[in-house]
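Here the structure is laid out as structure tokens; the discussion comes afterwards.
A quick note: this is a predicted structure, and the numbers were derived from the prediction, not measured.
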Amino acid sequence: MAESAVAFLLNNLTIWLQENQNLLGGLKVEAKIIQGELQQMQAFLKAADSREDSDPQIKAWVRQVREIAHDIEDVLEAYMLSFRQNSSPGIRGRFKKYYFCIKDLKAKRRMASEIRNLRSRTESASKTFRQLYAVLPTSNPDTVSISTYYDGRDDALLLEETDVVGIEKPKKKLLEWISIGDSTLTVLSVTGMAGLGKTTLVKKVFDDSSVEQNIDHHVWIAISQVFNQSNILRDLIKQLLEEVKQPLPRGFEDMNVAAMKEFIYSFLQHKRYIVVLDDVWSTNVWESLRYVFPRRNTCGRGCVIITSRLNSIGDAASCESGGHVYPLQPLPPQRAEELFRMKAFRGGPCPYHLKEVSGNILKKCGGLPLAIVVIGSALAMKRNQIEEWRRFSFNLESKVDDCDLMRIWKLLALSYYDLPYYLKACLLYLSIFPEDALLEKATLIRLWIVEGFVEAEKGKTMEETAESYLNELSNRSLIQVATTKDGRPRNFRIHDVVREYIISKAREQNIVAAILKPTEITLEDQVRRLALEDSSAPYSDKINNLRYLRTLLFFGSMELEWGPIICRLLRGECRMLKVLDLRGAPLEEIPCEVFKLYHLKYLSLKNTNVSIIPKLIGNLAKLEILDLKGSNVTELPIEILKLRRLRYLLVYRYKDFLDYLPFDHVQSFKAPYGIGQLSRLQKLCYIDASAEVVRGIGRLTELQRLGITRLRKEDGKELSSSLSKLTFLTSLSIAAGEEGEVIDLPYFMPSTCLRFLRLEGCLEKLPEWISSLDALTSLHLRSSKLRDDPIECLQSLANLKDLVLYGAYEGEGLHFKSGGFKKLEELQLIRMRRLKWVRVEKGCMTNLREFEIWDCKEMKDVPIGIEHLGNLDFVDFSDMSNEFEDRVCEEKGRGRVDVHAHDHDRERKGKGKLIHIPNVRISNWVDGQWEAVWL
């Protein structure tokens, strides 16, 4: 995005001017002029960004500004690198000073010429900007008129029942919610990404005979992006009156908003009605209309149904009224295939010769009904000709615009252009990841920050701001939450159709210009971000001229011949790299070329075979993130202390399952003396404890996550003092030096932000300060060997969602009392050899979804009161005694535990002591592997 590029450049340019005034000399004035012109254009860019597609002049100008911004960045960074190289050692003797003076003079002359050229280009662009600014519409720049695109929503209102599939279950649920409504207003919301069929579903509910018979008034209002409250209210009044054949009120055209609201409120009082607000784009829409619907009808029933792509709108509208939100999901494979056959083959079977290509095309649709209908209908015209189908499939992969996907893409364009400018670049950046990739939240946040996409917000860290960006994209249904941890999103996915759209936009905007596959090997000289995915492609002729490359991400496999390709690329001209992610690359040592990347901010060698970090690491003065997770590195050189901008230092490897039982689950690293000098560190995992390290931690006052291992009891007091200074700490993991070593933190005043806590080692008693951790969501106690039942102390933790007790207790029983663990969702009781019984009182752990008991061989019976856990989805009893297994089977036979294997519906109805658990697994460790039995 041009605005993002300019904002990033202006920030860097300001810093650069401050730090390098001596290099500019007389060019300082030129640089200041460029800076001023760009600042004036930046506000206009925010408005112009949303109008590129509809105005060719603006589109050409935005491209011009983007190229200027990139060129300025290239010039500044090239000369910073040049001057650094000139000042480095290499030539010795009396001619060294003279040699570099001549070289510096030539470099400054070239720089002067290029900066003057850039000033000329910037002033020309500024002149064009003033001309365009004079004619730019004054309406909201962040919206696009819905009339610009044909999105097909009106067609959804005309579909027959036989034209749709997969709506039976959601339709049944919506009808159920409508039927159980009382005299209070019921607000229902259907949310999900574009093309899922929200409008189609709600129309079928709206027209259902059970609704028609029990409702007096039916109103359907289509909401556009450019929302006009007066027009909506007038439309509502007209539909209400037309239905009962009443004339419009006198002076209707002159009624103001307040008068229209009062009329509607009075009309609906004591009436039975259903109003659909279709495709709501802003919470302001609901806020402006909510009070026209009576809150309570003594003689009637009111229902409002909202459809929206934004989850937050559904939550805001429905929670206040005690309503419901239905998050609509893509069709499951079987129903998707059914719909595809209905459209492509008129309901008949797929011909044998088309099965493979048909499956490939259907996979790209990703269960999106609109995509299936549009593509299936287009293929129906190709008369089952295999070559036509293959050509269509190729076009679909190649993002060719004439492949009948424009209708879907125009629908997505509405969501894309509705985004704030700063979210557009973040969304387009996701196109660099492979198809079907699991997008790690932590990785995305770090990449966005170092790429310059995240704007500083007062009172927030950059990480908090970036996380809010992710949540907003999820709220708008442009990305989907894949997994959660402690109730918070941990990984995301992106729908294939959305991915195809943003790949096209990213290449157009030069956000991500190339993702290499065998069929995609065309590289332009100005590629700035590149992802390597498949080593079978002939890269060697393409990779030597990437001198503008800023980001290189590796998504290949260690089994492929990647080493020579990576080394050759790094030996080329790509000396301006800022992001280098070589995770999983077949490397046993870091290529020496990496340490010449002066501008490098992000270096990942995750899951490589690298074991040694050379002293040359000190050359990477701008490095902010060093990710060595899963590597073989166990020690860092003292030169790491030169990296004063380092914010993330991640050096650890989780050991194999058999390697660490029953203690020491992580391979940590030994830090050099003076680790406290890295004062900007926010994440430090996992570091071996020593007296010096324990003291130095207190100087790292910006730490948010800390993992420390091999702690000795005598260092506990010093560590307590250091930890009490870390007021931003959200995650803390402490492991003792060896099994049986006592963890003693007597004076620890924990951060009020602490959400995750793991203590691995012997505890003489449960620390009193644990019960004060109001923000704690996850607690792991491992090898604690407590003699007193810890449940009494822990059950009052108000926000705890995940509790793991691994060898943490040496007593015979655990008692979960009524009212405790109100938010707990996952509970694991593991390897407590003396544990004989577990009792759960009614009203305890009411939200528990997963319950696991492993290797507690003294237990002979299932937990007493398990029938009270009515929200359980999954129970796992692993490596238990034979008597316990027999008892579980007996309880199933008695009806105390009613077990359903692989019940994906996950609908549970508690009946007395009967509890429905979708999955119960009993498994034992036999001959080096788990033998599992699903009941």
Side-chain angles (χ1 to χ4, degrees), residues 634-635 651-673 675-676 684-698 700 703 705-724 726 729 731-750 754 756-771 773 776 778-790 793-794 803-811 828-835 854-856:
T634 59
E635 187 171 355
V651 193
Y652 61 92
R653 174 174 58 84
Y654 290 115
K655 298 179 182 179
D656 292 335
F657 186 71
L658 290 178
D659 288 346
Y660 69 84
L661 283 176
F663 190 76
D664 190 21
H665 74 292
V666 65
Q667 175 66 59
S668 52
F669 77 97
K670 183 179 179 180
Y673 184 89
I675 191 68
L684 176 61
C685 298
Y686 280 83
I687 185 171
D688 290 350
S690 66
E692 197 282 328
V693 164
V694 166
R695 285 192 298 271
I697 285 174
L700 306 177
L703 271 183
R705 180 184 175 190
L706 172 64
I708 187 167
T709 64
R710 304 186 182 183
L711 178 69
R712 301 175 303 172
K713 181 180 179 180
E714 55 264 35
D715 291 327
K717 183 177 180 180
E718 188 73 52
L719 181 60
S720 294
S721 175
S722 292
L723 292 177
S724 298
L726 308 183
L729 200 64
S731 175
L732 174 62
S733 180
I734 301 175
E738 58 185 28
E739 189 172 14
E741 181 95 36
V742 173
I743 294 178
D744 185 20
L745 301 174
Y747 308 112
F748 180 26
M749 297 293 292
L754 197 64
F756 175 88
L757 174 65
R758 178 191 286 120
L759 298 178
E760 184 172 353
C762 197
L763 297 173
E764 294 178 342
K765 65 176 183 176
L766 197 67
E768 295 180 0
W769 48 263
I770 287 184
S771 60
L773 300 176
L776 198 68
S778 183
L779 174 63
H780 294 198
L781 298 179
R782 185 183 180 89
S783 302
S784 308
K785 299 183 179 181
L786 293 166
R787 292 184 176 88
D788 298 325
D789 185 348
C793 176
L794 301 178
L803 175 61
V804 177
L805 301 179
Y806 191 124
Y809 175 56
E810 295 192 330
Q828 296 182 33
L829 307 177
I830 304 173
R831 196 172 279 248
M832 289 190 278
R833 299 295 175 79
R834 297 180 183 178
L835 188 67
W854 289 20
D855 194 13
C856 298

Please examine the side chains of [Y] and [X], heavy atoms only from C-beta on, and report whether any two atoms are closer than 4.5 Å.
| X | Y | answer |
| --- | --- | --- |
| Ser720 | Pro746 | yes |
| Tyr686 | Ser733 | yes |
| Leu723 | Leu706 | yes |
| Leu794 | Leu766 | yes |
| Pro767 | Leu745 | no |

Begin with the C-alpha distance, continue with both residues' side-chain angles, and end with the deciding distance and a verdict on side chain to side chain contact (heavy atoms under 4.5 Å, CB included) for Glu714 and Asp744. CA-CA 8 Å; Glu714 55 264 35; Asp744 185 20; over 6 Å; no
Could you pull out the closest heavy-atom pair between [X] and [Y], with the gap in Å?
| X | Y | result |
| --- | --- | --- |
| Ala689 | Arg710 | CB-O, 3.7 Å |
| Glu741 | Leu711 | CG-O, 3.7 Å |
| Gln667 | Thr634 | NE2-CG2, 3.6 Å |
| Cys856 | Ile830 | SG-C, 4.4 Å |
| Leu719 | Val694 | N-CG1, 3.2 Å |
| Trp769 | Leu759 | CH2-CD1, 4.5 Å |

Straight-line distance of [X] [atom1] to [Y] [atom2], nearest 0.5 Å:
| X | Y | atom1 | atom2 | answer |
| --- | --- | --- | --- | --- |
| Leu803 | Ser778 | CG | OG | 8.5 Å |
| Ser721 | Ile697 | OG | CD1 | 11.5 Å |
| Ser722 | Leu700 | OG | CG | 9.0 Å |
| Tyr652 | Leu684 | OH | CG | 11.0 Å |
| Tyr809 | Met832 | OH | CE | 9.0 Å |
| Arg834 | Glu810 | CZ | CD | 5.0 Å |

Give a yes or no on whether the backbone of Glu768 and the side-chain of Ser771 come within a donor-acceptor separation of less than 3.5 Å.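 Looks like yes, one N/O pair under 3.5 Å.
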Test your reading of the model: is there a side-chain donor-acceptor pair from Ser724 to the backbone of Met749, 3.5 Å cut-off?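 Yes.
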Go through the steps to decide whether Leu829 and Trp854 satisfy the test side chain to side chain contact (heavy atoms under 4.5 Å, CB included), and finish with yes or no. CA-CA 6 Å; Leu829 307 177; Trp854 289 20; over 6 Å; no
State which residue, out of Ile770, Ile734, Leu729, fulfils the side chain to side chain contact (heavy atoms under 4.5 Å, CB included) condition with Leu757.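 The residue from Ile770, Ile734, Leu729 that satisfies side chain to side chain contact (heavy atoms under 4.5 Å, CB included) with Leu757 turns out to be Ile770.
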Stepwise side chain to side chain contact (heavy atoms under 4.5 Å, CB included) check, Leu805 with Leu786: CA-CA 10 Å; Leu805 301 179; Leu786 293 166; over 6 Å; no
For Glu764, I'd like to know if atom CD has over 12 heavy atoms of other residues, nucleotides or ligands within 6.0 Å.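 Counting neighbours around CD of Glu764, 12 or fewer heavy atoms of other residues, nucleotides or ligands fall under 6.0 Å, so no.
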Please enumerate all residues that pass salt bridge (Lys or Arg N to Asp or Glu O under 4.0 Å) together with Arg758, with sequence neighbours excluded.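 Expected list: none.
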Do we get Arg782 above Tyr806's six-membered ring, with its NZ or CZ under 6.0 Å from the centre and within 45° of the axis?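 That pair qualifies as a cation-pi contact.
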